[in-house]
Amino acid sequence: MTAANGNQGKFLIPRLLAAGHVLRACVRSEESARSLRSAGVTDVLVGDLADPRVMARAMHGVDKVYYVGPTLHPKERDMGLAAIDAARESGVRHFVFSSVLHAILTDLTQHEVKRDVEEHLLSSGLEFTILQPANYMLRHRLKPVLEQGVFLLSWALDRRQSMVDLADVAEVAAAVLADSDRHAGATYELVAPGRYTAYDIAEVVSEVLGRKVPAKRIDADQFTAASHGADHEIRFPYHTEAVRAISKRYSSHDFVGNPNVLTWLLGRQPTSFAQFVERELEAL
Ligand SMILES: NC(=O)c1ccc[n+]([C@@H]2O[C@H](COP(=O)([O-])OP(=O)(O)OC[C@H]3O[C@@H](n4cnc5c(N)ncnc54)[C@H](OP(=O)(O)O)[C@@H]3O)[C@@H](O)[C@H]2O)c1
């Protein structure tokens with residue numbers, strides 16, 4: 001698994017370990033490597049996957065790949081294409097690509113990149129499964145609620161979005177990896193029920209907390225500054241532009257999908273946003 005200590009990895013790695021898989025986890029930092037080793041991963045590869053030699057080592061000797069491109073990485077396209085080429089050269093039997101819902105959108109950089117990676121995978125001759133998750137339900141997006149008493153969003157508050165719980169994504173990913181022949185050649189949209197405006201999100205959070213939490217719009221650059229610092233435009237121009245594009249797109253269009261496929265795959269109702277908030281606020 002790539003991006004193994006990221007948002008998905010934190011859910012998927014424990015699941016794969018519990019199921020008894022022998023796995024290689026790829027990360028960039030020693031800090032993440034230490035945490036994965038202490039969680040029980042014996043084969044941790046530390047290195048920059050933008051380096052083709054590191055990518056070749058990542059794919060060497062593995063049977064199946066779960067490929068996640070790190071969030072808004074300037075070389076996401078090159079890394080995705082290289083991962084597929086390296087997997088094919090190494091004789092990987094099944095390549096699972098964690099893509100994104102509606103990868104065909106061309107005004108969102110990270111979607112356009114994934115469209116290209118999907119195309120490369122389809123043309124590679126590798127056996128594959130593509131997962132297309134909706135917007136992640138993310139624990140850290142709830143932090144401002146607790147710290148500032150407000151839900152912050154960097155696009156129009158009345159636009160609707162579909163989301164998905166990463167525990168559900170990990171459940172599907174683990175099932176696909178365990179029984180990959182059954183899921184060969186499939187592309188699955190992973191979407192929880194519901195289409196939420198920022199006001200809807202704030203209302204759910206208010207109900208769970210038992211106190212009023214308003215929704216507040218911030219602009220794309222304020223959002224990026226919070227994670228990447230005030231000088232993000234100079235130090236992280238790709239990230240800055242990608243977040244601006246997200247803000248623009250999501251302010252002029254809803255981003256919605258359908259929960260049927262995820263419901264069928266799980267054999268139950270997907271986790272709702274309210275259930276996610278209840279679980280995560282307890283953990284925070
Ligand atoms: N956020 C959403 O709502 C959403 C929705 C659908 C799809 N997606 C897509 O999902 C993907 C991200 O998934 P995620 O959030 O689970 O991952 P993530 O949290 O962005 O991944 C971070 C992990 O990637 C590793 N990493 C970063 N740069 C690296 C590099 N150059 N070489 C090797 N490893 C590197 C990090 O290593 P260290 O821990 O060592 O730093 C960390 O373990 C993106 O492609 C995104 O577009 C996101």
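We count ligands from 1, going down the list as the structure has it; atoms in each ligand are counted the same way. It should be emphasised that the depicted structure is a prediction, and the values quoted were computed from it without experimental measurement.
A salt bridge links R279 with D165: at least one charged nitrogen is closer than 4.0 Å to a carboxylate oxygen. Here E207 does not pair with K212 in a salt bridge; the nearest charged N to carboxylate O distance is not below 4.0 Å. A salt bridge is absent between D48 and R28: the closest approach of a Lys/Arg side-chain nitrogen to an acidic carboxylate oxygen does not fall below 4.0 angstrom. For the pair E119 and R115, the salt-bridge criterion is met [side-chain N within less than 4.0 Å of a carboxylate O].
If you take CG on L45 and CZ on R57, they are separated by 5.0 Å, rounding to the nearest 0.5 Å.
Taking atom 44 (C) of ligand 1 as the reference point, the nearest protein heavy-atom neighbour is G69 O, 3.0 Å. The closest protein non-hydrogen atom to atom 25 (C) of ligand 1 is A3 CA, 3.9 Å. Of the protein's non-hydrogen atoms, G47 O, 3.2 Å is the one closest to atom 33 (C) of ligand 1. Of the protein's heavy atoms, G6 CA, 3.7 Å lies nearest to atom 22 (C) of ligand 1. For atom 15 (O) of ligand 1, the closest non-hydrogen atom of the protein is N7 ND2, 2.7 Å. For atom 39 (O) of ligand 1, the closest heavy atom belonging to the protein is S32 OG, 2.5 Å. Given atom 26 (N) of ligand 1, the protein heavy atom at minimum distance is P70 CG, 3.8 Å. Nearest protein heavy-atom neighbour of atom 37 (O) of ligand 1: R28 N, 3.2 Å.
Both the backbone and the side chain of T71 come within 4.0 Å of ligand 1, judged by heavy-atom distances. Contact annotation: for H73 versus ligand 1, heavy atoms closer than 4.0 Å belong to the side chain alone. When non-hydrogen atoms are compared, ligand 1 lies under 4.0 Å from neither the backbone nor the side chain of A33. The proximity of S99 to ligand 1, defined as any non-hydrogen pair under 4.0 Å, is limited to the backbone. At a heavy-atom cutoff of 4.0 Å, ligand 1 is contacted by both the backbone and the side chain of S29. Under 4.0 angstrom from ligand 1, the non-hydrogen atoms of K114 all belong to its side chain.
Between L49 and ligand 1, at least one pair of N/O atoms sits closer than 3.5 Å.
Of the listed options Y136, Y67, F11, Y136 places a heavy atom closest to atom 1 (N) of ligand 1. In this comparison of D48, N135, V27, the heavy atom closest to atom 30 (C) of ligand 1 sits on D48.
Taking the six-membered ring wherever Trp is involved, the centroid distance between the rings of F255 and H102 falls below 6.0 Å.
Side chain to side chain, D168 and T271 meet the donor-acceptor criterion of an N or O pair below 3.5 Å. Looking only at atom types and distance, the side chain of S98 has a donor-acceptor partner in the side chain of Q8 under 3.5 Å away. Looking at T106 and E112, their side chains never bring a donor and an acceptor atom within 3.5 Å of each other. A donor and an acceptor atom, one from each side chain of T129 and H183, are nowhere located under 3.5 Å apart. Judged purely by distance below 3.5 Å, without hydrogens or angles, the side chains of H120 and D85 pair a donor atom with an acceptor atom.
Under the side-chain hydrogen bond (donor to acceptor under 3.5 Å, both in side chains) test applied with H232, the options T224, D221, T240 reduce to a single match, T240.
Heavy-atom contacts of V68 reach the following atoms of ligand 1: 11 (C), 12 (C), 13 (O) (cutoff under 4.0 Å). Applying the 4.0 Å criterion to heavy atoms of Q8 picks out, from ligand 1, the atoms 16 (O). Each of the atoms 45 (O) of ligand 1 lies under 4.0 Å from some heavy atom of E76. Annotation for ligand 1: atoms under 4.0 Å from non-hydrogen atoms of P133 are 6 (C). Residue A134 approaches ligand 1 through these ligand atoms, each under 4.0 Å from one of its heavy atoms: 5 (C), 6 (C).
The aromatic rings of Y196 and F273 are tilted relative to each other, their planes meeting at an angle between 30° and 60°.
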